[in-house]
Protein chains: 2
Amino acid sequence: MVEENKISIAVIKRLPRYYRYLGELLANGVTRISSKELSRRMNITASQIRQDLNNFGCFGQQGYGYNVVLLYEEIKKILGLDKNYNMIICGLGNLGKALSNYYKFDRLGFNFIGLFDISQEMVGTTWNNIRVGCVSELESFLAENEVDIAVLTLPKTSACKVSQTLVNGGVKGIWNFSNVDLHIPDSVRVENVHLTDSLMVLSYGLNEG
Amino acid sequence: MVEENKISIAVIKRLPRYYRYLGELLANGVTRISSKELSRRMNITASQIRQDLNNFGCFGQQGYGYNVVLLYEEIKKILGLDKNYNMIICGLGNLGKALSNYYKFDRLGFNFIGLFDISQEMVGTTWNNIRVGCVSELESFLAENEVDIAVLTLPKTSACKVSQTLVNGGVKGIWNFSNVDLHIPDSVRVENVHLTDSLMVLSYGLNEG
DNA sequence: TAGATTGTTAATCGATTAACAATC
DNA sequence: TAGATTGTTAATCGATTAACAATC
């Protein structure tokens with residue numbers, strides 16, 4: 001049995017940044033780039049860039065460097081950005097509303113197909129052309145629609161329970177903005193955005209200069 | 001000359017999580033906790049907990065463990081949460097508006113004292129009881145007010161330029177939500193929240209099961 | 001006192017960086 | 001061909017885990 005070559009999370013987290021820089025090069029009409037030049041721009045070592053990329057294949061050419069378009073498209077595929085994803089939002093508070101209106105996600109292939117909230121005031125209203133449903137309808141919605149990603153923007157009190165419903169409903173990934181650690185099976189991917197934690201990291205040592 | 005014991009960023013990023021779990025214990029009336037029991041709850045090793053904490057001091061007691069209140073208060077201090085911070089938001093799009101209305105920041109000691117936007121439609125409107133000013137007024141505002149943290153929720157086109165104004169104006173930290181890497185002096189702390197990057201990390205390998 | 005659990009040193013593991021043969 | 005730059009192996013560095021003496 002061949003051991004699946006597990007890519008480290010540190011590498012994966014750097015991929016979007018590579019993708020971003022390559023996109024800029026592309027927009028500027030740059031057709032080739034060496035790991036050395038990219039390292040200068042991104043402020044990481046050329047060694048790391050080459051190591052990172054070679055986890056996924058040999059995209060460069062000795063003496064030449066990397067073809068920008070080709071590498072851009074490869075990373076796009078690696079990140080799964082060549083596919084489309086059905087998304088729902090659970091929790092239409094300020095943050096949920098903001099995310100529902102963020103046009104860029106759509107352009108990247110992440111499409112909102114459902115919005116859900118708990119409060120009766122929100123249910124029935126429309127955001128981004130989608131009617132807000134009640135969280136109680138979530139189970140049947142998941143049964144009828146293939147949902148790839150659920151955005152969890154509920155307060156922590158309800159987030160845990162709803163995450164169970166999402167898991168049972170076959171959601172593949174949860175983008176968790178609620179301030180709890182979800183305890184769900186490894187088969188469902190979780191990406192946390194803990195805003196409060198992030199702000200606390202910023203305030204650490206801020207007055208020491 | 002004594003080499004300043006530099007705390008690694010990995011450790012710092014774990015502190016808010018410790019703080020969160022200790023807060024829960026506190027709320028549940030738990031008065032003492034061992035690294036072993038905390039490790040079980042947080043799903044990290046007891047060794048790591050003890051190593052992390054001992055970067056900052058000896059807060060435990062052999063044979064007893066850690067006093068929850070005491071440790072909670074210590075981490076609060078370490079994170080700088082015993083102080084108050086003046087914050088402004090640059091960019092009152094959906095995300096900026098959402099953050100301006102997030103009541104929890106205020107409770108943690110992060111107080112909004114100014115809001116700024118580029119668009120003429122936004123300038124003059126009121127959010128969270130604060131009048132939105134124009135970004136062109138930013139320089140004079142920074143001269144007259146001590147701003148600790150600036151939240152950067154502008155599109156990347158304007159984010160770079162505004163970050164310069166913020167640095168020149170003496171801001172200590174920037175909470176950067178814009179999709180660029182800011183090139184500013186090390187003396188100003190930056191904490192990035194790259195939402196698009198985060199979503200891409202989630203979509204990585206999502207369809208492979 | 002005996003048991004529990006810390007603080008800390010040592011061992012291990014993984015990630016980053018350096019070096020260089022291969023080759024375009 | 002000579003120069004440039006990759007892919008990859010080896011060396012280094014740092015972070016995590018294990019072990020245990022100290023001690024409450």
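Every chain is numbered from 1, with letters handed out A, B, ... down the list of sequences.
Of the residues near DNA chain C, Gln61(B) and Ser47(A), the one whose nearest nucleotide (by heavy atom distance) lies more toward the 5' end is Gln61(B).
When distances run from any side-chain atom of Gln62(A) to the nucleotides dC24(D), dT8(C), dT6(D), the shortest one goes to dT6(D). When distances run from any side-chain atom of Thr45(B) to the nucleotides dT17(D), dG7(D), dA15(C), the shortest one goes to dT17(D). Of the candidates dT16(C), dT6(D), dT16(D), dT6(D) carries the atom nearest the Ser35(A) side chain, counting heavy atoms from C-beta on.
Base-pair partner of dT12(D): dA15(C) (Watson-Crick or G-U wobble, both distances under 3.5 Å). Pairing partner, dC20(D): dG7(C), with both Watson-Crick or wobble hydrogen-bond distances short of 3.5 Å.
Protein atom CG of Asn55(B) is 13 Å distant from nucleotide atom C1' of dG14(D), rounded to whole Å. In this structure, CG of Asn67(B) is placed 13 Å from P of dT6(C), rounded to the nearest angstrom. In this structure, CG of Asp52(A) is placed 10 Å from P of dT17(C), rounded to the nearest angstrom. Rounded to an integer number of Å, the gap from CD of Gln48(B) to P of dT8(C) is 17 Å. One interatomic measurement links the two molecules: CG of Leu71(B) to C1' of dT5(C), which rounds to 14 Å at whole-angstrom precision. Whole-Å rounding puts the Ile7(B) CD1 to dA15(D) C1' distance at 13 Å. Following rounding to the nearest Å, Ile49(A) (CD1) and dT16(C) (C1') show an atom-to-atom distance of 13 Å. One can place NZ of Lys13(B) at 16 Å from C1' of dA15(D), the figure rounded to the nearest angstrom.
An OP1 or OP2 oxygen of dG7(C) is reached within less than 4.0 angstrom by no side-chain nitrogen or oxygen of Arg50(B). Phosphate contact (OP1/OP2 of dG7(C), side-chain N/O of Tyr66(B), threshold under 4.0 Å): present.
The base of dT9(C) lies close enough to the side chain of Gln51(B) for a donor and an acceptor atom to sit less than 3.5 Å apart.
For the salt bridge (Lys or Arg N to Asp or Glu O under 4.0 Å) test with Asp197(A), the passing option among Arg17(B), Lys104(B), Arg20(B), Lys13(B) is Arg20(B); the others fail.
Ion pair Arg41(B)/Glu37(B) flagged as a salt bridge, since at least one NZ, NE, NH1 or NH2 atom sits closer than 4.0 Å to an Asp/Glu carboxylate oxygen.
In this structure, Phe110(B) has its ring center no closer than 6.0 Å to that of Trp175(B).
To the nearest 0.5 Å, the span separating CG on Leu154(A) from CZ on Phe177(A) amounts to 12.5 Å.
Among residue pairs with one or both ends in residues 68-95 of chain B, those qualifying as side-chain hydrogen bond (donor to acceptor under 3.5 Å, both in side chains) are Tyr19(B)-Tyr72(B); sequence neighbours excluded.
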